[in-house]
Undergrad: 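Got a structure for you, written out below as structure tokens; questions coming shortly.
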Amino acid sequence: MADTKMPKAYDYARVEEELYDWWEQNGFFRPETQLEIGQADPDAAPFVISMPPPNVTGALHLGHAITSSIEDMLIRYNRMLGRPTLWVPGTDHAGIATQSVVERKLEQQGTSRHEVGRERFVQEVWDWKDEYHQRITGQQKRMGISCDWTRERFTLDDGLSDAVLEAFISLYNEGLIYRGTYLVNWSPNLQTAVSDLEVEYSEEPGKLYYFKYVLKDSDQFIPVATTRPETILGDTAVAVHPDDARYRDFVGKKVIVPVLGRAIPVIADEYVDREFGTGALKITPGHDPNDYEIGLRHDLPVINIMNKDATLNEEGGPYNGMDRFAARDKLWADMEAAGLTIKSEPHALRVPRSQRGGEIIEPMVSTQWFVKMEPLAGPAIDAVRSGAIRIVPERFEKIYFHWMENIRDWCISRQLWWGHRIPIWYGPDGHAFAARDESDALEQAIAHYGDTVHLEQEPDVLDTWFSSGLWPFSTLGWPQATDDLETYYPTSVMETGYDIIFFWVARMITLGLKFTGDVPFRTVYLHGLVRDEEGRKMSKSLGNVLDPLDLIRDYGTDALRFTLLTGGTPGNDMKLSVTRIEANRNFANKIWNAARFVIMNLGDEEMALSDGDPFDRTYALPDAAALALPDRWILSRLADVRDEATRLIDSFQLGEAGRQLYEFLWNEYCDWYIEAAKVRLYGDDPAQAQATRQVLAYVLEQSLRLLHPFMPFVTEAIWENLPGMGGENLALIVARWPGAMAHQSDQADDAFGRIQEMVRAIRNARSEYNVEPARRIIAQISAGEHEALLQENAPLLVSLARLDPEQLTIAADLPTPSKAAALAHGGATIYLPLAGMVDLDAERRRLEKELANIDGQLQRINGLLNNPGFVGKAPAEVVEREPPNRTNSPSNVNSWRVTCASLSNTRLGD
RNA sequence: GGGCGAAUAGCUCAGCUGGUUAGAGCGCCUCGCUUACACCGAGGAGGUCAGGGGUUCGAGUCCCUUUUCGCCCACCA
């Protein structure tokens, strides 16, 4: 066997980064290069993905890793199909998240953003961004992602900022963006409004406080229950149900707000649930969304009792300046002292918390900018309903529809400094001008006022998702009519986690349809969340975070990728276990060693290559006549697995596709074909050996293509060692996905299957009888109709089952020997006269068990075939499969009966 | 209160148009360093596919229902 420079163990650390740089430097990630070298078909439909942009100051986590794995797999597969393939990468400025980290940094330096001022602060964030941008993209590259870095974008770069301006102004001019004072979700720590989606609710223990609303000029009172006593200070009414006899007489009268002494009306509203609490509801329009609605209906005043940091303001009277929760306790104590309380009892609360900081969100009235969503939602619903956009898995369509059909306006203003500043300038009278820049605004102002005036720009910035919502087309150059936009839009697949279907996917669809008149992508593929081995969400506080970079270091990128691709099904969460990654590391090593074996056997001899398309070029196969049974079998299996893998990937069943390739390569190619091939490889017929080498090489080469999208590094690394491939000849990354292959023959499947069964049966018997592994044993095979097949492949049986070739008998019909183990498999009966080793009682038990098993099968088949319903109604091909063959043939079962009977009559030592 | 998902071997999971005797990895037991691989090879044990009903010639797979867990949405103080 020839020497090879391939080390015994696959050394991923040595090859990964080098291969990545080589791919990138060759421009293989760019559609232009693919077309230039003739790999991509200019007439084929391009395949395009917009990469979900990671937070520019974030670090790679498993969410990114799964995204990268799936998208790169799709990209590589489609590139190999010869479609011009574009994957646009980029990063997101992530307003709140990024601003927060820089604010924390300033805090550590003993200063604050307010101290340094807006301009300097924003500059600080840019510097921070520049520093961290390298980190995240470098980490992404470790995943092997073949995206076009020359087209990389950032949500705050000039082009994308221009897109944001265009989108905002155009929506504004259409009246779809408005400004208004409403109750919004206020984050007291970040001191900004957040959208409904950014609020998460958690069940927490709390109290329900019962107290008295005393009637004005009376000692009567209405009992009222609340979970947030501090909001009493902002009450502007008490509501009861109009039909509630208990309180009917109070409606229209006034009650006195505790401590503050304000008189507020008792009103009747059907919203009130008579069953809950006391059946009377205090109304705080300034700090509760429901109360806000009721307030509107009854024209109640809105009192804001809090400052931006959620301390009480002057409306809080004696509690002015106190924290909202301190005020809650103090107020309750004061009310207790005044005899106004009734009781408090434990009560489970649904507490709104900020998705970002985790602090309790305070509903507060403030002036914000909103996008009117309803007019945008209609077309977005239609796009999915009509199939213009397909969602995988389909069940998420329902969730999408439900959300879209109940859509609420989107609060897009944030009281931050890091982000796209809202392009609005206000005149002295507050009149708003939407403009691309200040001079444009001034011009508008002059036209409006007839004179030059001083304008103030809106200080707020836009929600980060506003710019991400434009991502699929802004990254291609919109609003400019660029070639990229023309060529690569709509994109093909939007692949992301189901957790951001509302945040992102829904908004890209609405905004995409609005601004481009077309869907932003044809398919939405949603993956699940990666969880830890116990199924918990990975979080820093739990300390259960697996760092992809550690995993890559320990097991290699391919192992991680393959694990993430094959662990589960679309849309379902995945528990990631290190043992699976380890298993897949072993898989990579297994393939490496199989290749090493093949390459060593190819030696230095030049291998004949097939003609035709250089991207298709592979090893020439020997003439059909030169193919032995194992060759025909593995080629037939390869043809099947190619078809299945193709079908499965095309229907997004990536995990199943990967699994089948794994099984094919390990269990069929390595465990059976390579072992079978050794017979002829080391035999004395050079022509046969050469034919075997050709098949070994061909199947390996084609398999590497099939596996490449799943495990790009190990496959390319092997490819580089294949004679005639790699290097100057062809990189696997741009090789063609194998086309459908002629199926060699179903007979080969069937015949090789018999051999396998027989080999397994003999190995099993050897093991049960503790035959030393090295020992060659005698076998007599009663082969029936398969005599010719077994004669022809006797060397295979000899080698794989370690038989003694001198003492192997194969005949159509042999008498049943005594003192021999009898194995009925593959349509033949194998007798192993393991002299002195056969425990007859044990053998009898074993055979009876087998016989029962086979009888069971026979009964099942007879039952089926005698059932007119089955024969009449089942499809012909299903019926076809059932007739007796192999182990379940009646003649086989009969021979078993004979064997068992004779054994039963045989006494030990006979 | 709605909706969705999960329940299959000791553990983690596949099994998508219903069709042989339900699979894999890990773990476990027995062997084996046979010139690709001990990140390996051979053999083995282990499952009434959560329970119940139904449709069908045939159900892990489709329908109904119950139970347990998880998630999403929703205005109950």
Side-chain angles (χ1 to χ4, degrees), chain A residues 1 4 6 8-10 201 208 224-228 231 239 271-273 275-278 280-284 288-294 347 350 393 395-396 398-399 402-403 406 498-499 501-502 528-529 533 535 555 559 566-569 571-577 579-580 582-601 648 651 653 655-656 659 662-663 667 670-671 674-675 682 760 763-768 770-774 802 853-854 856-857 860-861 863-864 867-875 877-879 881-882 885-888:
Chain A
M1 216 180 289
T4 169
M6 294 174 74
K8 250 176 121 164
Y10 169 50
Y201 292 86
L208 189 56
V224 174
T226 181
T227 53
R228 295 191 295 155
T231 61
Y271 171 82
V272 180
D273 179 354
E275 308 300 317
F276 191 89
T278 64
L281 177 61
K282 61 188 263 332
I283 304 297
T284 322
D288 183 280
N290 300 314
D291 294 3
Y292 185 76
E293 292 296 319
I294 295 170
H347 184 73
R350 240 177 119 247
R395 64 172 185 272
F396 286 105
K398 207 168 178 176
I399 293 168
H402 181 258
W403 193 70
N406 298 286
Y498 67 75
D499 53 329
I501 184 166
F502 305 138
L529 275 36
E533 289 179 62
Y555 301 102
T566 56
T569 46
N572 281 3
D573 292 354
M574 174 190 295
K575 289 176 207 160
L576 186 67
S577 72
T579 53
R580 280 190 55 234
E582 199 175 303
N584 290 324
R585 187 251 342 239
N586 296 352
F587 178 47
N589 190 57
K590 183 75 181 177
I591 302 159
W592 174 264
N593 273 287
R596 187 163 164 267
F597 170 78
V598 172
I599 289 163
M600 286 193 291
N601 276 288
L648 290 165
S651 57
Q653 298 177 62
E656 182 63 9
R659 209 207 92 239
Y662 180 103
E663 300 237 311
N667 301 44
C670 291
D671 288 351
I674 286 184
E675 293 311 314
Y682 303 147
R760 271 193 274 255
R763 285 172 174 171
N764 177 349
R766 292 180 63 115
S767 173
E768 278 188 32
N770 296 315
V771 178
E772 310 89 277
R802 236 179 152 71
N853 181 14
I854 290 180
Q857 284 180 60
R860 182 192 147 271
I861 290 165
L864 272 181
N867 180 343
F870 176 72
V871 179
K873 294 187 183 178
E877 58 170 50
V878 173
V879 179
R881 271 206 294 270
E882 292 301 342
N885 65 8
R886 300 198 197 174
T887 53
N888 49 25

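Labels below follow one simple rule: chain letters A, B, ... track the order of the sequence lines, proteins then strands, and each chain is numbered from 1.
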Undergrad: Between A/His347 (NE2) and B/A77 (C1'), how many Å, whole number?
TA: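 For the pair A/His347 NE2 and B/A77 C1', the rounded distance is 7 Å.
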
Undergrad: Could you work out the separation of B/C75 and B/U17 based on their C1' atoms and round it to a whole Å?
TA: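 Roughly 43 Å separates the two C1' atoms.
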
Undergrad: Tell me the closest heavy-atom pair linking A/Met6 and A/Ile599, and the distance in Å.
TA: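 Scanning both residues, the minimum pair turns out to be SD-CD1, 3.5 Å.
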
Undergrad: Taking B/C29 as the reference, what is the distance to B/U55 when you measure between their C1' atoms (whole Å, please)?
TA: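 Going atom to atom, C1' in each nucleotide, I get 44 Å.
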
Undergrad: Identify, with sequence neighbours excluded, every residue that meets side chain to side chain contact (heavy atoms under 4.5 Å, CB included) alongside A/Ala594.
TA: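 Listed in chain order: A/Tyr669, A/Cys670, A/Ile674.
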
Undergrad: Contact class for A/Glu582 (heavy atom, under 4.0 Å): base, sugar-phosphate, or nothing?
TA: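 No contact.
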
Undergrad: If the P atom of B/G43 is compared with that of B/U61, how far apart are they to the nearest Å?
TA: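 Between the two P atoms, the distance is 32 Å.
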
Undergrad: Given that both distances must come in under 3.5 Å, which nucleotide forms a Watson-Crick or G-U wobble pair with B/C49?
TA: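 Result: none.
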
Undergrad: Could you tell me the separation between the CG atom of A/Asn584 and the P atom of B/A24, rounded to a whole number of Å?
TA: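 Computing the A/Asn584:CG to B/A24:P distance gives 16 Å.
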
Undergrad: A/Arg766 CZ to B/U34 C1': how many Å, rounded?
TA: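 One finds 11 Å between C1' of B/U34 and CZ of A/Arg766, rounded.
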
Undergrad: OP1 or OP2 of B/C40 sitting under 4.0 Å from any side-chain N/O of A/Asn586?
TA: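 For B/C40, OP1 or OP2 has a side-chain N or O of A/Asn586 closer than 4.0 Å.
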
Undergrad: For RNA chain B, whose closest nucleotide is more 5', that of A/Arg802 or that of A/Glu663?
TA: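 Result of the comparison: A/Glu663.
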
Undergrad: When you check the phosphate oxygens OP1 and OP2 of B/C40, does a side-chain N or O of A/Tyr10 lie under 4.0 Å from one of them?
TA: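 Answer is no, no contact under 4.0 Å.
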
Undergrad: If we take the C1' atom in both B/G60 and B/U20, what is their distance in whole Å?
TA: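 That atom pair is separated by 16 Å.
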
Undergrad: For A/Lys8 and B/C37, give me the distance from atom NZ to atom P, rounded to whole Å.
TA: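 These atoms are roughly 5 Å apart.
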
Undergrad: Could you tell me how far apart A/Asp288 (CG) and B/C75 (P) are, to the nearest whole angstrom?
TA: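 After rounding, the gap between these two atoms is 11 Å.
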
Undergrad: Expressed as a whole number of angstroms, how long is the span from A/Trp403:CH2 to B/C72:P?
TA: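 Rounding to the nearest Å, CH2 of A/Trp403 and P of B/C72 are 16 Å apart.
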
Undergrad: With a 3.5 angstrom cut-off on both distances, give the Watson-Crick or G-U wobble partner of B/G1, or none if there isn't one.
TA: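 Across any shown strand, B/G1 pairs with B/C73.
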
Undergrad: List the residues meeting side-chain hydrogen bond (donor to acceptor under 3.5 Å, both in side chains) with A/Arg228, not counting sequence neighbours, and say none if there are none.
TA: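 Partners of A/Arg228 by the side-chain hydrogen bond (donor to acceptor under 3.5 Å, both in side chains) criterion, ordered by chain and then number, come out as A/Glu362.
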
Undergrad: Please report the closest heavy-atom contact between A/Leu648 and A/Glu656, naming both atoms and the distance.
TA: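 Heavy atoms of A/Leu648 and A/Glu656 come nearest at CD1-CG, 3.6 Å.
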
Undergrad: Determine the interatomic distance between C1' on B/U48 and the same-named atom on B/A22; round to the nearest Å.
TA: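 Each nucleotide's C1' atom is 13 Å from the other's.
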
Undergrad: Let's test your reading of the model: under 3.5 Å, does the base of B/A77 pair with the side chain of A/Glu275 as donor and acceptor?
TA: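 No.
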
Undergrad: Any side-chain donor-acceptor pair under 3.5 Å between A/Tyr555 and A/Asn584?
TA: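 A/Tyr555 vs A/Asn584: no donor-acceptor pair found between side chains.
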
Undergrad: For A/Tyr662, report the nucleic acid contact type (base, sugar-phosphate, nothing); a contact means any heavy atom under 4.0 Å.
TA: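 Sugar-phosphate only.
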
Undergrad: For A/Thr569, answer base if it contacts any base atom (sugar-phosphate contacts may also be present), sugar-phosphate if it contacts only those atoms, and nothing otherwise; contact means non-hydrogen atoms under 4.0 Å.
TA: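 Here A/Thr569 touches the backbone only, sparing every base.
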
Undergrad: Partner of B/U20 by Watson-Crick or G-U wobble geometry, both contacts under 3.5 Å, or none?
TA: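 Pair assignment: B/U20 / none.
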
Undergrad: Given that A/Thr566 and A/Asn593 both sit by RNA chain B, which one's nearest nucleotide is further toward the 5' end?
TA: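 The residue mapped nearer the 5' terminus is A/Thr566.
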
Undergrad: What contact category does A/Glu293 fall into here, base, sugar-phosphate, or nothing, at under 4.0 angstrom with non-hydrogen atoms?
TA: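 Here A/Glu293 touches no strand at all.
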
Undergrad: Applying ring pair (Phe, Tyr, Trp, His ring centres under 6.0 Å), can you list everything that pairs with A/Tyr10, at least two apart in sequence or on another chain?
TA: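 Counting only residues at least two positions away or on another chain, A/Tyr10 forms a ring pair (Phe, Tyr, Trp, His ring centres under 6.0 Å) with A/Trp592.
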
Undergrad: Please confirm whether any donor atom in the side chain of A/Arg585 sits under 3.5 Å from an acceptor in the base of B/C39, or the reverse.
TA: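 Per atom types, the contact qualifies.
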
Undergrad: Between B/A50 and B/G15, how far apart are the two P atoms, rounded to whole Å?
TA: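 Here B/A50 and B/G15 have their P atoms 14 Å from each other.
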
Undergrad: Write down the distance separating the P atoms in B/G27 and B/U68, rounded off to the nearest Å.
TA: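 Rounded to whole Å, the distance is 35 Å.
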
Undergrad: At less than 4.0 Å, is any side-chain N or O atom of A/Lys575 found next to OP1 or OP2 of B/C13? Yes or no.
TA: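 Result: yes.
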
Undergrad: What is the nucleic acid contact for A/Ala583, judged by heavy atoms within less than 4.0 Å: base, sugar-phosphate only, or nothing?
TA: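 Counting heavy atoms under 4.0 Å across all strands, the contact made by A/Ala583 is with sugar-phosphate only.
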
Undergrad: For nucleotides B/U34 and B/U12, find the distance between their P atoms and express it as a whole number of Å.
TA: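 So the two P atoms sit 37 Å from each other.
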
Undergrad: So what does A/Gly568 hit on the nucleic acid, given a heavy-atom distance under 4.0 Å: a base, only sugar-phosphate, or nothing?
TA: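 If one applies the 4.0 Å heavy-atom cut-off, A/Gly568 turns out to touch the sugar-phosphate alone, with no base involved.
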
Undergrad: With side chains defined as the heavy atoms from C-beta onward, is the minimum distance between A/Arg596 and A/Lys8 less than 4.5 Å?
TA: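 They are in contact (side-chain heavy atoms under 4.5 Å apart), so the answer is yes.
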
Undergrad: Among B/C16, B/C37, B/A77, find the nucleotide with the atom closest to the side chain of A/Glu656.
TA: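 Nearest nucleotide to the side chain: B/C16.
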
Undergrad: Measure from CG on A/Leu648 to P on B/C16 and round the result to the nearest Å.
TA: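 That distance rounds to 10 Å.
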
Undergrad: Any side-chain donor-acceptor pair under 3.5 Å between A/Thr569 and A/Asn572?
TA: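 Side-chain D/A pair, A/Thr569 to A/Asn572: present.
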
Undergrad: Between B/A36, B/A77, B/C73, spot the one nearest the side chain of A/Phe502, thanks.
TA: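 Nucleotide nearest to A/Phe502's side chain: B/C73.
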
Undergrad: Does A/Asn593 reach the main-chain N or O of A/Asn589 with its side chain, forming a donor-acceptor pair under 3.5 Å?
TA: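 Confirmed, A/Asn593 side chain pairs with A/Asn589 backbone.
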
Undergrad: Does A/Tyr498 have any side chain to side chain contact (heavy atoms under 4.5 Å, CB included) partners at least two apart in sequence or in another chain, and if so, which?
TA: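 Side chain to side chain contact (heavy atoms under 4.5 Å, CB included) check on A/Tyr498 returns A/Phe396, A/Leu526, A/Leu529, A/Asp573.
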
Undergrad: Under the side-chain hydrogen bond (donor to acceptor under 3.5 Å, both in side chains) test, which residues partner A/Tyr201, sequence neighbours left out?
TA: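 So A/Tyr201 forms no side-chain hydrogen bond (donor to acceptor under 3.5 Å, both in side chains) with any residue.
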
Undergrad: List in chain and number order the residues that pass side chain to side chain contact (heavy atoms under 4.5 Å, CB included) with A/Glu663, two or more places apart in sequence or in another chain; answer none if no residue qualifies.
TA: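 Counting only residues at least two positions away or on another chain, A/Glu663 forms a side chain to side chain contact (heavy atoms under 4.5 Å, CB included) with A/Arg659.
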
Undergrad: To the nearest Å, give me how far apart NZ (A/Lys282) and P (B/C76) are.
TA: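 Taking atom P of B/C76 as the reference, NZ of A/Lys282 is at 16 Å.
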
Undergrad: Please list, chain by chain and in numerical order, all residues satisfying side chain to side chain contact (heavy atoms under 4.5 Å, CB included) with A/Phe276, sequence neighbours excluded.
TA: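 Result, side chain to side chain contact (heavy atoms under 4.5 Å, CB included) vs A/Phe276: A/Leu208, A/Asp273, A/His347.
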
Undergrad: Look for any protein N or O under 3.5 Å of an N or O in nucleotides 41-43 of chain B and output each such pair with its distance, or none.
TA:
residue	atom	partner	partner atom	Å
B/G41	OP1	A/Lys590	NZ	2.9
B/G41	OP1	A/Trp666	NE1	2.5
B/G43	O2'	A/Ser767	OG	3.3

Undergrad: Of the nucleotides B/C39, B/G32, B/C76, which one has an atom closest to the side chain of A/Pro773?
TA: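 So the nucleotide nearest the side chain must be B/G32.
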
Undergrad: For nucleotides 4-9 of chain B, tabulate all protein N/O to nucleotide N/O atom pairs closer than 3.5 Å, reporting atom names and distance.
TA:
residue	atom	partner	partner atom	Å
B/C4	OP1	A/Lys398	NZ	2.7

